[in-house]
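Excluded from the calculations below are hydrogen atoms, water molecules and symmetry mates; all remaining heavy atoms, backbone and side chain alike, are included.
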Amino acid sequence: MEDEVSRAAKAKKGSPFLNTAQAAFYVGLSHRTLEKMRLKGGGPRFRKHGRYVRYHIDDLDAWSLGRDEKDAAEPGDAS
């Protein structure tokens, strides 16, 4: 856990904007999953900088904090 906190602190010292691969690593998903979420919705907020997709660290944190077990449960699962 401490490693994750230090990695997040380092990221915030640099540019707050991450590309898809960096954002995926930051939230613990694959870059393909984030790409699919961009198309289907339900993923973190992203921005287009020219032709480049960028994720702001604060948006990733807000999206992650807004998720909980009931959001991740499959439809039809007993909660």
Would a 4.5 Å heavy-atom cut-off, applied to side chains only, mark Leu60 and Pro44 as touching?
yes
Pairs involving residues 23-33, ordered by first then second residue, that meet salt bridge (charged side-chain N to carboxylate O under 4.0 Å, His left out) (sequence neighbours left out)
Arg32-Glu35
Drop me the distance from Tyr55's OH to Leu34's CG, to the nearest 0.5 angstrom.
4.5 Å
Roughly how far, to the nearest 0.5 Å, is CG of Leu18 from CZ of Phe25?
11.0 Å
Who pairs with Phe17 by ring pair (Phe, Tyr, Trp, His ring centres under 6.0 Å), at least two apart in sequence or on another chain?
His49, His56
In short, His31 meets Ala21 closest at the heavy-atom pair CB-CA, 4.2 Å
How would you list, by chain and number, every residue that makes a side-chain contact (heavy atoms from CB on, under 4.5 Å) with Arg51, sequence neighbours excluded?
none
Does Arg54 reach the side chain of Asn19, with side-chain heavy atoms less than 4.5 Å apart?
yes
Does any part of the side chain of Val53, heavy atoms only, come nearer than 4.5 Å to the side chain of Lys48, both counted from C-beta?
yes
Those residues that, when tested against Arg38, pass salt bridge (charged side-chain N to carboxylate O under 4.0 Å, His left out) (two or more places apart):
none
